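Order of the sequence lines fixes the chain letters, A, B, ..., with proteins taken first and strands second; residue numbering starts at 1 for each chain. What you see below is based on every heavy atom in this structure, not just the backbone, and it leaves out hydrogens, waters and symmetry mates. In this text, all values refer to a predicted model and were calculated from it rather than measured experimentally.
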Amino acid sequence: MGKIVIIDFETTGLSPRLGDRATEVGAVIIDGHKIIDKYQSLMNAGIAIPGFIQQLTGITNTMLRQAPTCQKVMQELADFIGDMPLAAHNASFDTLFLDAEWERIGYQRRQPFTCSLLLARRLYPHFPDHKLGTLVRHLKLPTTGTYHRALADAEMTASLLMNIKKDLQQQYNLSSVPHELLCLLQKTPKAGIANVIKKARLKLDL
DNA sequence: TGCCAGGCCCTCTTTAGGGCCTT
């Protein structure tokens with residue numbers, strides 16, 4: 001109950017439709033306000049990583065030559081995730097790559113995705129921007145490794161999401177913040193959040 | 001040939017345009 005998988009992909013570019021592929025995936029499971037499990041793997045799609053992305057992520061073509069196939073990694077990831085709901089920072093990006101890589105192994109995502117970027121824009125509108133690094137710095141969250149590596153980014157996104165849940169709980173005096181409520185809030189204009197929580201409090205017994 | 005992401009959000013908007021965010 002209350003578990004969410006936070007996921008992050010490193011890729012060869014921005015668009016699976018233009019042929020970009022995943023190069024690394026990191027995923028962590030949170031239960032309430034704790035990380036309880038982690039998964040990480042590089043993956044070899046057999047295509048070259050552009051130079052500027054190698055510089056950005058530190059993931060090189062040499063590293064990928066030794067990496068397992070995308071098919072193997074995506075099957076392991078599907079087993080790791082099971083039917084738990086998902087979250088990511090700028091989830092529209094990770095949704096595209098997860099769906100595209102899973103489609104290649106004949107697997108279809110069924111669970112909803114929550115976006116910590118959309119939630120952070122609503123909860124922390126006064127921050128200078130809503131990049132993952134900026135949010136981690138301003139909220140004084142732990143940095144767990146190198147930015148732009150999949151597991152470190154997934155862990156920091158998990159810390160961010162747990163902070164968002166904690167702030168919602170305190171601000172609105174909620175007993176819990178289920179994934180269903182996060183899905184509702186990420187689509188709610190800032191001015192409507194209190195009203196959505198009021199309705200959800202009755203419906204979800206919060 | 002030349003171009004090329006895509007979803008969300010704001011505003012000098014809605015018959016649109018541009019910035020943010022992800023690699």
Side-chain angles (χ1 to χ4, degrees), chain A residues 4-28 40-64 67 70 73-74 77 85-104 109 111-139 141 143-161 163-164 182-193 196:
Chain A
I4 300 174
V5 184
I6 290 86
I7 192 169
D8 185 78
F9 278 105
E10 304 306 317
T11 70
T12 61
L14 295 173
S15 173
R17 286 192 187 180
L18 295 182
D20 289 318
R21 297 291 303 275
T23 57
E24 185 182 41
V25 63
V28 302
Q40 178 274 335
S41 182
L42 290 168
M43 48 202 280
N44 185 0
I47 64 170
I49 311 172
F52 78 95
I53 294 182
Q54 291 187 56
Q55 284 196 323
L56 177 73
T57 64
I59 298 170
T60 64
N61 291 312
T62 308
M63 288 162 72
L64 291 196
C70 292
V73 175
M74 285 301 104
L77 182 69
L86 292 160
H89 196 65
N90 195 16
S92 64
F93 175 84
D94 294 282
T95 304
L96 279 178
F97 277 93
L98 178 63
D99 289 354
E101 294 294 346
W102 269 359
E103 190 179 352
R104 289 173 179 272
R109 177 176 58 86
Q111 57 270 76
F113 239 114
T114 295
C115 178
S116 57
L117 169 64
L118 296 182
L119 290 165
R121 280 178 176 158
R122 284 159 173 75
L123 260 70
Y124 314 120
H126 50 291
F127 283 8
D129 63 58
H130 298 87
K131 294 182 176 81
L132 180 59
T134 304
L135 291 162
V136 165
R137 217 165 35 247
H138 276 257
L139 293 166
L141 302 174
T143 49
T144 53
T146 311
Y147 284 107
H148 294 300
R149 286 302 299 263
L151 184 59
D153 281 3
E155 287 176 314
M156 288 187 276
T157 303
S159 292
L160 170 61
L161 195 65
N163 199 83
I164 286 170
L182 295 175
C183 285
L184 284 173
L185 293 179
Q186 70 181 352
K187 294 175 187 165
T188 304
K190 282 191 279 282
I193 285 182
V196 166

For atom CZ of A:Arg109, is the number of surrounding heavy atoms from other residues, nucleotides or ligands below 6.0 Å larger than 12?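 Yes - once you tally the heavy atoms of other residues, nucleotides and ligands closer than 6.0 Å, there are more than 12.
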
Do other residues, nucleotides or ligands put more than 12 heavy atoms under 6.0 Å from A:Gln111 CD?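 Enclosed.
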
In whole angstrom, give me the gap between the [atom1] atoms of [N] and [M].
N      : M      : atom1 : value
B:dT23 : B:dG17 : P     : 29 Å
B:dA5  : B:dC12 : P     : 27 Å
B:dG18 : B:dT13 : P     : 13 Å
B:dC20 : B:dC3  : C1'   : 23 Å
B:dG2  : B:dG7  : C1'   : 25 Å
B:dC4  : B:dC10 : P     : 27 Å

Which is true for A:Thr57 with a 4.0 Å heavy-atom rule: it touches a base, it touches only sugar-phosphate, or it touches nothing?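 Sugar-phosphate, no base atom in range.
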
Give the rounded distance in Å between these two atoms: [atom1] of [X] and [atom2] of [N].
X        : N      : atom1 : atom2 : result
A:Leu98  : B:dT23 : CG    : P     : 15 Å
A:Ile49  : B:dT23 : CD1   : P     : 14 Å
A:Asp8   : B:dC21 : CG    : P     : 16 Å
A:Phe93  : B:dT22 : CZ    : P     : 10 Å
A:Asp129 : B:dG19 : CG    : C1'   : 12 Å
A:Asp94  : B:dA5  : CG    : P     : 18 Å
A:Ile7   : B:dT23 : CD1   : C1'   : 15 Å
A:Asp20  : B:dT22 : CG    : C1'   : 12 Å

Using only side-chain N and O atoms of [X], determine if any of them is under 4.0 Å from OP1 or OP2 of [N].
X        : N      : answer
A:Arg17  : B:dC4  : no
A:His130 : B:dC20 : no
A:His148 : B:dT23 : yes

Working to the nearest 0.5 angstrom, can you tell me the gap between A:Leu135 CG and A:Arg121 CZ?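 Between atom CG of A:Leu135 and atom CZ of A:Arg121 there are 10.0 Å.
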
Judged by modelled atom types alone, do A:His148 and A:Thr57 share a side-chain donor-acceptor pair under 3.5 Å?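 Side chains of A:His148 and A:Thr57: no pair found under 3.5 Å.
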
A:Ala154 versus A:Asp8, closest heavy-atom pair with distance: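 It is N-CB, 3.9 Å.
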
Would you name the heavy atoms of A:Cys115 and A:Gln186 that are closest together and state the gap between them?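 Taking A:Cys115 first and A:Gln186 second, the nearest heavy atoms are N-OE1, 2.6 Å.
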
Summarise how protein sits on nucleotides 8-13 of chain B as a single string, 5' to 3': B when a protein heavy atom is under 4.0 Å from the base, S for sugar-phosphate-only contact, - for no contact. SSS---

Salt-bridged, A:Glu24 to A:Arg149, with N to O below 4.0 Å?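 So A:Glu24 pairs with A:Arg149 through a salt bridge.
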
